[in-house]
Structure formats: C-alpha cells, structure tokens
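Sequential numbering from 1 along the given sequence is applied to the chain's residues.
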Amino acid sequence: MIWFPNPPYAVNRKGVPAGFEIDLWRMIAETRQIPYRIRKAESFEALLQAIRNNQADLAISGVLINENRSKQFHFTFPTASSDLKIYKLDSQEPTAIKMLRILLSRQVLLIFLGLGLIACIFALPVWFVERKRPDLADKRKRHQLVFILQKTLLLSTDHTRQSRTRLISIGSLFARVLLTAYFTSFILKVATSQTNLSTDYQMADLNFELLKINTFAATPGYIQTSILKSNGAKTVDCDVAETCIGMLQAGEASAILDDMLTMRSALNSMPPKPKVTPASGKLMTLFMALAISDQFSRDPRSRAINDGIARSYYDGSHTKLSRIWINP
C-alpha cells in the first residue's frame with residue numbers, strides 16, 4: 001500500500017500515516033484479515049505512477065475519480081465526496097470602513113445638503129411668520145425654531161396656522177417627499193450593489209476566462225491541476241495544500257482550485273492572516289476513492305476491500321470516522 005499526505009484523507013503525524021482513508025483502510029484490513037506493507041510516496045505524481053505501473057497494489061490519498069484515471073487503473077467504491085471551489089485571499093473591506101465610505105459618499109452629502117436647504121428655504125420663513133402666535137410667543141426663539149424644524153423634517157404641516165405659511169409648509173412637504181425618495185433609492189442601490197458583489201464573489205460556474213487571468217497554486221498530478229492546465233490557466237507547483245495556501249498568502253499565487261474538505265483541513269493548521277476564503281460557489285462535486293492497480297484488481301482481496309467500504313456505510317463506522325476527520 002502506498003500513500004501521500006492529503007488531509008483529511010491521509011495525514012502525516014510525525015512520520016506515522018493517519019487520516020480518514022488511512023483509518024478506514026486499517027479497519028477494513030483488520031476485519032478482513034488482509035496483511036499489508038505501507039510506504040510513503042515521494043509525491044502525489046509518484047503515487048499515481050506506482051499504481052499505473054503495478055509497483056503498488058493500493059493507493060490512499062483522497063484520489064479523485066475521473067474517466068481518464070479509470071482507463072489507467074481501478075477505483076474502489078467512493079470513500080468520500082467534496083465540492084470543488086476556487087479559493088482566494090479575502091479582499092472584502094471591514095464593515096466599519098464600508099460604513100465610513102458610505103457616509104462620506106456624494107449621495108449622503110447631497111441628502112444632508114437637501115435637509116439644510118429645506119431648513120433654510122421652508123422652515124425659517126415659517127418660523128419668521130409664526131413665531132408671534134400665542135402658543136409660541138412664550139417660548140424662547142431657539143425653542144421655537146427647534147419646534148418648527150422638527151415638524152418640518154417629520155413631513156408634518158399641522159404646525160402652521162396661517163394660510164401663507166401653510167402653503168410654504170405644503171411646498172416643503174413635496175421637497176421632503178422627493179428627498180425621502182432619493183434617500184430610499186440610494187439605500188436600495190447600496191443594498192443591490194452589495195448583493196451583486198456577493199454574487200460576483202461567489203461564482204456559480206467554472207469561468208474559463210477567469211481561470212486564464214489568475215495564477216493558481218496547484219499540486220502536480222491532481223485532477224484540479226489538469227483542469228487548470230487544459231483551460232490555459234497559469235499554475236505554479238506546490239507539493240501539498242498547506243504549501244499552496246502559503247504561496248497564496250505570500251502573494252506568489254492569486255488563487256487555488258481545490259476540494260472543500262482538503263482546504264478546510266489545511267486552513268485549520270495555517271496562520272489565519274491573511275484570510276483565505278472561497279471565491280466561488282460549488283463548481284462540481286468530486287468523489288474520492290482508494291486507487292487499485294490493474295494487477296491487484298484481479299485479486300480476491302480487492303473485492304473484500306469494496307465489501308468493507310460498502311459495509312462501513314451502513315454499520316456506522318464510516319459516519320464515526322467522518323465525525324473524527326471530516327466533520328469534527
């Protein structure tokens with residue numbers, strides 16, 4: 001048996017192999033009484049090459065099932081599934097900076113300017129004419145003005161007593177309605193733009209044009225790397241997910257295409273800053289399995305391995321291992 005680190009499926013713990021598929025294999029080998037020798041591959045490509053050339057019987061490293069590989073060697077029943085996503089550095093601004101940017105925008109300044117004009121053009125004339133009426137005469141000028149401003153800005157006209165001031169107040173009502181409509185449209189525009197940004201950030205498809213303008217950190221031999229190269233994307237090699245993430249955080253790459261479980265496991269052991277987040281939605285569902293050489297596929301023990309994987313799904317052992325390694 002040959003393996004290569006690819007958390008959470010195969011993990012290197014101080015030279016000792018562990019992980020979801022490693023533990024699953026040990027459980028099957030023990031219950032089916034299958035003796036084995038285990039060795040670590042030099043790279044993921046070397047792992048695949050060993051299976052292709054019948055230099056190893058079984059490969060464990062979260063090997064993704066695809067048609068091209070199925071022509072070169074065999075797969076067991078699927079051991080796990082995950083979602084393919086694009087990952088980038090989180091470029092979203094903090095909420096406080098977003099709010100400050102909105103408050104200092106031209107639209108907000110125009111709203112405050114409109115309130116000032118309404119106060120000067122409508123509220124002041126109403127106060128000047130109405131200030132001597134009995135219910136306001138005993139109040140200080142400042143209190144009178146505050147009262148008139150409050151009523152004016154609250155879309156009210158019931159604070160006027162004379163016909164000419166009522167006409168002024170009705171005119172201000174139209175101005176206030178227009179300002180309110182402008183304010184509402186601005187809020188809707190901000191909300192819509194945030195939604196569009198979120199939609200752009202969460203791509204629904206594997207946009208090949210977008211692939212070509214990014215440099216991806218990619219592990220040689222991975223099916224994700226084949227997808228990138230077949231679509232003309234620029235790639236830089238990295239040996240494991242942790243190295244790929246480190247290159248992204250160091251600015252040596254602009255994106256990573258990988259499965260969600262591998263990235264989540266790797267990010268748990270990486271520095272949190274700068275933050276790496278999905279830059280796409282689910283692009284496709286990937287299925288992982290143990291890879292079996294063509295020679296070993298004819299061995300009765302390979303059928304016993306498939307039986308063991310199938311049994312693990314309904315005897316609870318697969319769920320138990322998932323809680324430990326995939327959904328802790």
Side-chain angles (χ1 to χ4, degrees), residues 2-13 17-25 40-48 51 59-66 69 75-76 78-90 202-203 206 211 214-229 233 235-250 252-272 274-291 318 321-328:
I2 190 169
W3 73 287
F4 185 74
N6 182 22
Y9 315 106
V11 181
N12 188 353
R13 286 190 169 175
F20 175 75
E21 286 189 346
I22 296 286
D23 285 358
L24 180 63
W25 161 250
K40 183 183 174 183
E42 295 292 329
S43 65
F44 189 79
E45 281 189 308
L47 175 140
L48 296 180
I51 293 296
I60 298 181
S61 186
V63 182
L64 299 178
I65 301 172
N66 78 314
R69 288 176 177 173
F75 288 100
T76 64
T79 56
S81 65
S82 185
D83 298 329
L84 182 66
K85 294 183 178 182
I86 290 177
Y87 291 82
K88 286 189 172 186
L89 295 181
D90 188 2
Q202 294 289 329
M203 297 182 304
L206 197 56
L211 295 184
N214 286 284
T215 300
F216 289 83
T219 304
Y222 276 23
I223 196 66
Q224 299 94 312
T225 309
S226 300
I227 293 173
L228 292 169
K229 290 184 176 180
T235 63
V236 289
D237 290 346
C238 50
D239 55 353
V240 291
E242 286 86 351
T243 308
C244 298
I245 294 170
M247 295 177 71
L248 183 62
Q249 292 177 325
E252 299 173 28
S254 56
I256 298 172
L257 180 68
D258 211 335
D259 79 274
M260 181 187 67
L261 294 181
T262 297
M263 287 296 292
R264 186 171 64 188
S265 178
L267 287 170
N268 287 336
S269 62
M270 296 292 293
K275 186 178 181 182
V276 176
T277 57
S280 71
K282 180 177 72 174
L283 301 176
M284 65 177 71
T285 300
L286 305 172
F287 293 94
M288 276 63 70
L290 310 184
H318 190 279
L321 290 175
S322 295
R323 288 176 184 155
I324 297 171
W325 292 105
I326 296 178
N327 299 305

Contacts of [X] that satisfy side-chain hydrogen bond (donor to acceptor under 3.5 Å, both in side chains) - sequence neighbours left out:
X: Asp239; answer: Thr243
X: Asp259; answer: Tyr9, Ser82, Thr262
X: Thr219; answer: none
X: Tyr87; answer: none

Practice item. Would you please name every residue forming a ring-ring contact (aromatic ring centres under 6.0 Å, His included) with Tyr222, sequence neighbours left out? Key: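 Only Phe44 meet the ring-ring contact (aromatic ring centres under 6.0 Å, His included) criterion with Tyr222.
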Practice item. Output all residues satisfying ring-ring contact (aromatic ring centres under 6.0 Å, His included) with Trp3, sequence neighbours left out; order by chain, then residue number. Key: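 In terms of ring-ring contact (aromatic ring centres under 6.0 Å, His included), with neighbours along the sequence ignored, Trp3 is linked to no residue.
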Review point. Closest heavy-atom contact between Ser280 and Ile86?
Key: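 Looking at all heavy atoms of both residues, the shortest contact is OG-N, 2.8 Å.
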Sequence neighbours excluded, which residues qualify as side chain to side chain contact (heavy atoms under 4.5 Å, CB included) partners of [X]?
X: Glu45; answer: Ser43, Pro220
X: Leu64; answer: Arg69, Ile223, Gln224, Leu286, Met288
X: Arg323; answer: Thr319
X: Ser322; answer: Phe20, His318, Ile326

Check your understanding: Can you find a heavy atom in the side chain of Thr79 that is under 4.5 Å from one in the side chain of Ile60?
Key ->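 No, too far: nothing below the 4.5 Å cut-off.
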Exercise for review: Kindly indicate whether the side chain of Lys40, heavy atoms from C-beta on, has any atom under 4.5 Å from the side chain of Pro5.
Suggested key: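 Yes - at least one pair of side-chain heavy atoms lies under 4.5 Å apart.
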